[in-house]
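Heads up: the structure comes next, in structure tokens.
Chain letters run A, B, ... following the sequence lines, proteins first, then strands; residues in each count from 1. Predicted, not measured: the structure shown is a model, and the values here were computed from it.
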Amino acid sequence: MPTLRPMFQDRLQSQLVPVLQQAFKALFGHDLDAKAITFQSTRPEFEGDVTINVFPFLKVSGKGPEPTAQAIGEYLQANLDLVDRFNVVKGFLNIVIADSYWLAFLREAGQHDLLQFPATGKKVMVEYASPNTNKPLHLGHMRNIFLGFSVSRILESAGNEVVRVQVINDRGIHICKSMLAWQKFGDGETPESRGLKGDKLVGKYYVEFDRAYKKEIEELLAGGRTKEEAEKEAPILLEAQAMLLKWEANDPEVRALWAKMNGWCYDGFNATYDRMGVTFDRLYYESQTYVLGKNDVLEGVKKGVFYEKDGAVWVDNTKEGLDEKVLLRRDGTSVYMTQDIGTAIKRFEEYPGLSQLIYTVGNEQDYHFKVLFIILKKLGFSWADELHHLSYGMVDLPSGKMKSREGTVVDADDLMEEMVQEARTSGEQLSKLDDFTEAEKTALFEMIGMSAVKYYLLKVDPKKRMLFDPAASIDLQGHTGPFIQYTYARTQSLLRKVGTMDVWQHEHLGTWPLLPEERAVLKLLHQFPGVLNEGANRLDPSVVANHTYELVKAYNSFYQTVPVMKEEDPAKREFRLELSSCVAAVTKKAMWCLGIEVPERM
RNA sequence: GGUCCUGUAGCUCAGCUGGAUAGAGCACCUGCCUUCUAAGCAGGCGGUCGUUGGUUCGAAUCCAACCGGGAUCACCA
């Protein structure tokens, strides 16, 4: 993967490394490579914040593990103020970082957004939705959309300018099927007359088509045709194919129907996107892009990158361990790959400063993108190395795979509605919201329900296929979005009280032994920029999701065992308020990176 | 068959640039609301990290083979 973004340098490690190098020089007369040192956070059962494993250095030190660790520890303690003390357990050097360091860090964190990196000056395009216009969005689209949108937010936080893009597959045989079925069986009904969302109505006729098609096949089978013949010869299919030809010939009537039904579909999609909370900067319609690429391919033939065989144009990727692939059919028409080649080129033309292009598409297209990227590289585009397929695994149901034909797809609108209703049911049972207006409640339950779905889909490593268990996803406790929202609401409750009591002066923070609960929270805050950087480099929201959970879990533990407002020492109280405030800000921003909103009360 | 992804607790998932007795959530069991929001906290139960070899001082992590799950390999989109 291209590493465009600068590596985040952990501020603690960047201070430790040079002194460690000095230590190795002074103690063992060895020039230590900075990359040879790996830090790990100290396991909770030992005292310390950072741990260095000295086993790799035994050859250099010429001593056993414990004396080596001891010597390094002593050197660090003597030469670096932020090293307060240390202990050695077997080959592990556990370093305790001085409270003053943590306090200074907290002060800094209070003044800056830890999760907003300086501008990189880079522009990145993220394509994260590519629906067909013949059926409504479902659970699979939801993973795709939330994943890509979150990645776009993460990249933005990491300092990049982001262009969010949707590709709409608005032409082809699939939409003709819906159109034909509507013409035949629709009786002129519209989303308005029927009271149905536009995408649902179009989807309904896609199903109608399939039903009629199957019926015709059965009749043909009964008439003695083979299955294959029947599938090819069913009159309604032939009619749909004829309609596609008419569409391509710009037949006004077909085009008008096409525009009308696609319009219904877009209205439906837009309503779904609104509820999802996602937006696009640029839409690409396949009806406009499907003609692209042909000239680029012919250009490639001239350059000798592609070759002709049997009248068709091929690319040979056998050297790359792949196969040969047709790019233009014998009749000169395009295949899917052709238009993807053209569209990629067009995008870089449209956005001259673009440095990276990310396609959020399911892993069933891994091969397709591998081939696409190789082809663009062969055509000599300098940006070909900056193309990335953000591939994600399929979403399975407890009953198995989702199959539209078997009616087992989970509809996006239905699922969101169900989750919001579940949030309402549990929220009203808790009866903490008596002074909320009905509108406020509705907004809150919307926020909670949506966070449950989004977090559930985002906490899993994108490349793995995942199981969507409706019963588990509806859970609002434990490792869930609502749990994180709840913690945020807790911090806000505290900070509101401060507002009315005016006890928070933001004055200098004193020095005293930090409590373990406080340290745990500080360490997780301290690690967060590195986590965001990792998420941006790996294009993986799950690392951000999981670390946010770690943070709020530690904060809850702190909250439940350490007094904040009730602390009598004003300096400690202020420190804990500052800590709470910082946790709140970071949590809010991290959730923003996931495309999840966070409530002031719940 | 070739290629790619994947296999960790009853279930869903972290950990995988090699390092200390493998972590969470759910489920099940025990405590904790006259005290800053109990959508919470504290604790218990629960694992031959698919199998077998190899590399290493050290392997869930790297390598190989095998087994299981998935995807893909159209002059389809």
Rounded distance [0.5 Å steps], CG in A:Leu16 versus CG in A:Leu12: 5.0 Å
Under the 3.5 Å Watson-Crick or G-U criterion, the dot-bracket string of RNA chain B, with | for inter-strand pairs: ((((((((.[[[[.)...(...]]]].(((((.......))))).....[[[[[..)....]]]]])))))))....
Ring pair (Phe, Tyr, Trp, His ring centres under 6.0 Å) pairs, two or more places apart, involving residues 459-493 of chain A: A:Tyr455-A:His479, A:Tyr456-A:Phe468, A:His479-A:Tyr549, A:Phe483-A:Tyr549
B/S/- contact track for nucleotides 67-75 of chain B, protein heavy atom under 4.0 Å: --SSSSS-B
Distance-only donor-acceptor test (3.5 Å): side chain A:Thr480, base B:A39: no
Sugar-phosphate, base or nothing in reach of A:Val564, heavy atoms under 4.0 Å: base
Closest nucleotide among B:A14, B:U6, B:G19 to the A:Lys463 side chain: B:U6
Spacing between A:Phe55 atom CZ and B:C57 atom C1', to the nearest angstrom: 7 Å
Side-chain donor-acceptor pair present, A:Thr42, A:Thr51, cut-off under 3.5 Å: yes
Stacking check A:Phe483 vs B:A39 (5.5 Å / 30 deg): no
RNA chain B contacts made by residues 285-295 of chain A, counting heavy atoms under 4.0 Å: A:Glu286
Quiz item: cation-pi between A:Arg171 and A:Tyr290, 6.0 Å / 45°: yes
Rounded distance (Å) that lies between atom C1' of B:A22 and atom CD of A:Glu45: 11 Å
Sugar-phosphate only, base, or nothing, as touched by A:Val562 at under 4.0 Å among non-hydrogen atoms: base
Under 3.5 Å side-chain donor-acceptor pair for A:Asn94 and A:Asn87: yes
Selected nucleotide, minimal atom distance to A:Gln560 side chain, candidates B:C36, B:A38, B:G19: B:A38
Residues forming a side-chain contact (heavy atoms from CB on, under 4.5 Å) with A:Arg43, sequence neighbours excluded: A:Glu45, A:Phe46
Proximal nucleotide (of B:A24, B:C5, B:C13) relative to the A:Met466 side chain: B:C13
Sugar-phosphate, base or nothing in reach of A:Ser557, heavy atoms under 4.0 Å: sugar-phosphate
Donor/acceptor link under 3.5 angstrom from A:Lys464 side chain onto base of B:U6: no
Sugar-phosphate only, base, or nothing, as touched by A:Glu600 at under 4.0 Å among non-hydrogen atoms: base
Proximity to the side chain of A:Phe92 - top-ranked nucleotide from B:A39, B:C4, B:G19: B:G19
Sugar-phosphate, base or nothing in reach of A:Asp469, heavy atoms under 4.0 Å: nothing
Centroid-centroid distance, A:His368 to A:Tyr336, less than 6.0 Å: yes
Sugar-phosphate only, base, or nothing, as touched by A:Arg576 at under 4.0 Å among non-hydrogen atoms: nothing
Ring centres under 6.0 angstrom apart (A:His174, A:Tyr206): no
Sugar-phosphate, base or nothing in reach of A:Gly393, heavy atoms under 4.0 Å: nothing
Any donor-acceptor N or O pair under 3.5 Å, side chains A:Asn262, A:Thr133: yes
Residue mapping more 5' on RNA chain B - nearest nucleotide basis, A:Leu322 or A:Asn94: A:Leu322
Sugar-phosphate, base or nothing in reach of A:Ile448, heavy atoms under 4.0 Å: base
Sugar-phosphate only, base, or nothing, as touched by A:Ser542 at under 4.0 Å among non-hydrogen atoms: nothing
Sugar-phosphate only, base, or nothing, as touched by A:Ala472 at under 4.0 Å among non-hydrogen atoms: nothing
Sugar-phosphate only, base, or nothing, as touched by A:Asn134 at under 4.0 Å among non-hydrogen atoms: nothing
A:Asn144-A:Tyr392 side chain donor-acceptor pair, cut-off 3.5 Å: yes
Side-chain (A:Trp258) to main-chain (A:Asp170) donor-acceptor, under 3.5 angstrom: yes
Whether over 12 other heavy atoms sit under 6.0 Å from A:Glu597 CD: no
Separation of B:G40 C1' from A:Glu517 CD (nearest whole Å): 15 Å
Protein-nucleotide distance (A:Leu430, atom CG; B:A38, atom C1'), rounded to Å: 9 Å
Spacing between A:Leu524 atom CG and B:G23 atom P, to the nearest angstrom: 16 Å
No-hydrogen, no-angle side-chain donor-acceptor test under 3.5 Å, A:Thr491 and A:Tyr559: no
No-hydrogen, no-angle side-chain donor-acceptor test under 3.5 Å, A:Gln485 and A:Arg490: no
Nucleotide of B:G19, B:U6, B:U35 approaching A:Lys566 most closely (side-chain heavy atoms): B:U35
Pi stacking test for A:Phe46 and B:A20: under 5.5 Å apart, planes under 30°: yes
Touch class at under 4.0 angstrom, heavy-atom based, for A:Tyr559 against every strand present: base
A:Gln339 and A:Glu286 side chains, donor-acceptor separation under 3.5 Å: yes
Residue-level proximity of residues 56-68 of chain A to RNA chain B when a heavy atom falls under 4.0 Å: A:Pro56
5' priority, RNA chain B, between A:Thr561 and A:Tyr456 [closest heavy atom]: A:Tyr456
